Amino acid sequence: MNIASVIVDVPAKQTDREFDYSIPDKWINVVKPGMRVIVPFGPRMVQGFVTGLKNETELKKLREIKEILDLEPVLNEELLRLGNWLTDETMCFRITALQAMLPAALKAKYEKVLRIHEGRKELVDERVRAAFRDRKFISWKDVLQEDNAALFQKQVQKGNLEVIYYVKDKLNKKTVRFVEPLLTSEELAQYAGTLAASAKKQYEVLQFFIENPGKIQLRTLLEAVKASNGTIKALAKKNILAERDEEIYRDPYENRVFDKTSPFKLTEEQSAALRPIQKSIKENSHDVFLLYGVTGSGKTEIYLQAIDAVIKKGEEAIMLVPEISLTPQTVKRFKERFGEQVAVMHSGLSIGEKYDEWRKIHRKEVKVVVGARSAIFAPFENLGVIIIDEEHESSYKQEETPRYHARDVAIQRANQHNCPVILGSATPALESFARAKKEIYQLLTLSKRMNNSQLPQVEIVDMREELRAGNRSMFSENLFAKLKDRLQKGEQTVLLLNKRGHSSFVMCRSCGLVINCPNCDISLTYHRFNDSLKCHYCGHEEDIPKTCPECGSDHIRFFGTGTQKVEEELVKILPEARVIRMDVDTTSRKGSHERLLNRFQEGHADILLGTQMIAKGLDFPNITLVGVLSADTMLHLPDFRSSEKTFQLLTQVSGRAGRHKLAGEVVIQTYTPEHYSIELSGMQDFDAFYEREMHIRRQSLYPPYYYVALINISHEDLMKTAATTEKIAKYVSAGLSPEAMVLGPVASPISRIKNRYRYQCLIKYKREPQLKQLLRTLLEHYQQETAQNHLQISIDLNPQIMM
DNA sequence: AGCACGCCGACT
DNA sequence: GTCGGCGTGCTC
């Protein structure tokens, strides 16, 4: 086996295949599938993944693997297979799939630098030589910044300058400096006696080691003896002490003590739900369970006990949680139960921290991973269970390539490992519930809350009537009265507003002009924080115009309501209330999410005001009121799931109230109280909602009755975009069976982003075995135009959002 | 994706 | 004649 098949890190259609490399003799039996290597590719060096080994190839001449990056494969056999499955399933490049399964730290960085060719210094153009005066290497990137790039290029052509291609790891292993004595305590004491009288600090350090033998972290030592680095250095120089850097894990949860908890006693309902899961774990059978339990019904305890059973069996568990509810509170529950056996993975960690958590899994130092979507790729080898909490959450679908859904990956992996999958939710995705009803999934139901607490009382307030009654504020009489009441009682309130920023848009009252983003077809949002207008899509930022750019009038006004504005309003009407605002703006800094929640939990605030991110996972006993300021914001989005999303959000947020001893109340403000998703979420009646929504889906031919695939096309030129989409729609339509429907072309809901026009067409189908092949041919056909970046085509099978 | 190679128009 | 623009094709 002296030839390796390698997938190179060049995400392009033409390079999306294996390339063969010969393995240098010294590395035969060292190189294994799943390892990262550096290989020459054309004139440069690139990173690649070894996918297989073989003895023969059709090629006459092979180039050699230049370097091996891993001691152990980073992808095991199962994950390599999963990579192929992902590639096929999401129609991405193989390299993209492989990289998606690994932490970002393992992705290569490339650098191209120039150096004067040895012995040719005199031949180099003097202007170029001048640039090299104070350095040996010049980065090609820097050369391009300057206006004499051509000069350098010529020198390269002449062979006077050498081009070196670097492949660097993003990988940084964190090290900490340790100090340890090289002598025994007796020898140290003896030596201390010989020290000069002036070397007081050195004497103290030696005393320290006599009392505390063994290695110690340098920083701790310096603090303990109040010495400086120089003292240690001096002793090290005399070979009394040794300094050494040791690799450590960054522990995002260091300095935190988790009290060990034991399994709670389950209610009868919980036990009944856990039993079939345990059976499946015991028998290694690949079952998919849908754990359908109302908010507060104790799903987490079932997860914990299922994981416990898996650990006892010597196997491993993956626990997926939506990104926004991966709160310290959630993590705590798992750390408390399983202690050091838990790794945590979420976007709040730095690249290095994520890498360290990943390594704990890779080195089999942990048994459980709790994480967001990408944790589904945790490199465990004996999976015993995969759990997806809040399985309906759209964040389980990755919105960039590879566009995978963690639920599908979970089922695929569990199939390979012969282990069960548990999908949990109080408001399952329609697709999942339908599958449970068809007995593809096993339905487990929890209909009662724990602690015997009742589901909260929900009141729906018609804001149109409030307006008619002369109340123009954003709080209805009812909600305001209840807010005041809680304030008096010292109980807490959660207020949900599904919009960030201050106002949703800025308009001129004289001519009606709405200030739009110059690059995107979307209105700019006012941000009070720096008093500016911001585009949420391309990041464009500008000052608020003093006068209307269209008509010159100064009647510029803010419309719509954002969390910032509500906060200001609260200060006005309830000045005594202490408010914590949580949205993307206040939680962008690392750990701020946690800090705000802690403050709320500890009772330093009366009202928690926030966007969607507060709807999940909060479990605070003192919350007795939940207010939804405007339930309809999501309802009118151009998306066939908008009713489902609205129902889920309202039901979830309602579930935050009255989870413990105190009873909870919910006030939902809306302009469309008659809408079934609002009405039924008020009754917390998922089953009725399911029936109602399924009926609509059947009539309108949407999932779960039909599959959908979305093709997005973008181009700088509007006509070209429309024309190409038209052609694509025709082509797809012709290639599919008559039962399939192709809708469009239509302009995307946001018809322009970053100066590119966007069109889409939607395919609805039941069974089209040739669909993927057809789409692949389509991509191939436009390959040239997409390679030149004029045209972008993205295909999303089972899209979660229609933008 | 890069990068080389090659073909064409514009300039010393 | 040569420089540099971009279209074309290749990378084990």
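Values in this document were obtained by computation on a predicted structure and should not be read as measured data. In what follows, chains carry the letters A, B, and so on, assigned in the order in which the sequence lines appear, proteins first and then strands, with residues in each chain numbered from 1.
- Between A:E357 and A:K354 no salt bridge is recorded (no basic side-chain N to carboxylate O distance below 4.0 Å).
- Applying the ring pair (Phe, Tyr, Trp, His ring centres under 6.0 Å) test to pairs two or more places apart or on separate chains, those with a residue in residues 26-48 of chain A are A:F19-A:F41.
- Partner A:R94 forms a side chain to side chain donor-acceptor pair (under 3.5 Å) with one of A:D88, A:N84, A:T87 and no other, that one being A:N84.
- In this structure, A:M45 atom CE and B:dA1 atom C1' are separated by 17 Å, rounded to whole Å.
- Look at CD on A:Q157: it is 13 Å from P on B:dC3, rounded to the nearest Å.
- Within a 6.0 Å radius of NZ in A:K754, no more than 12 heavy atoms belonging to other residues, nucleotides or ligands are found.
- Considering CD of A:Q760 and OG1 of A:T721, their distance stands at 12.5 Å, rounded to 0.5 Å.
- If you measure from atom CZ of A:R94 to atom C1' of B:dA1, you get 19 Å, rounded to the nearest angstrom.
- A donor-acceptor pair shorter than 3.5 Å cannot be found between the side chains of A:S523 and A:N516.
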- Quick one: what's the B/S/- string for nucleotides 1-12 of chain C, heavy-atom cutoff under 4.0 Å, read 5' to 3'? ---------BBB
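- In this structure, A:D16 places its CG atom 12 Å from P of B:dA1, rounding to the nearest Å.
- The side chain of A:Y110 contributes no N or O atom lying less than 4.0 Å from OP1 or OP2 of B:dG2.
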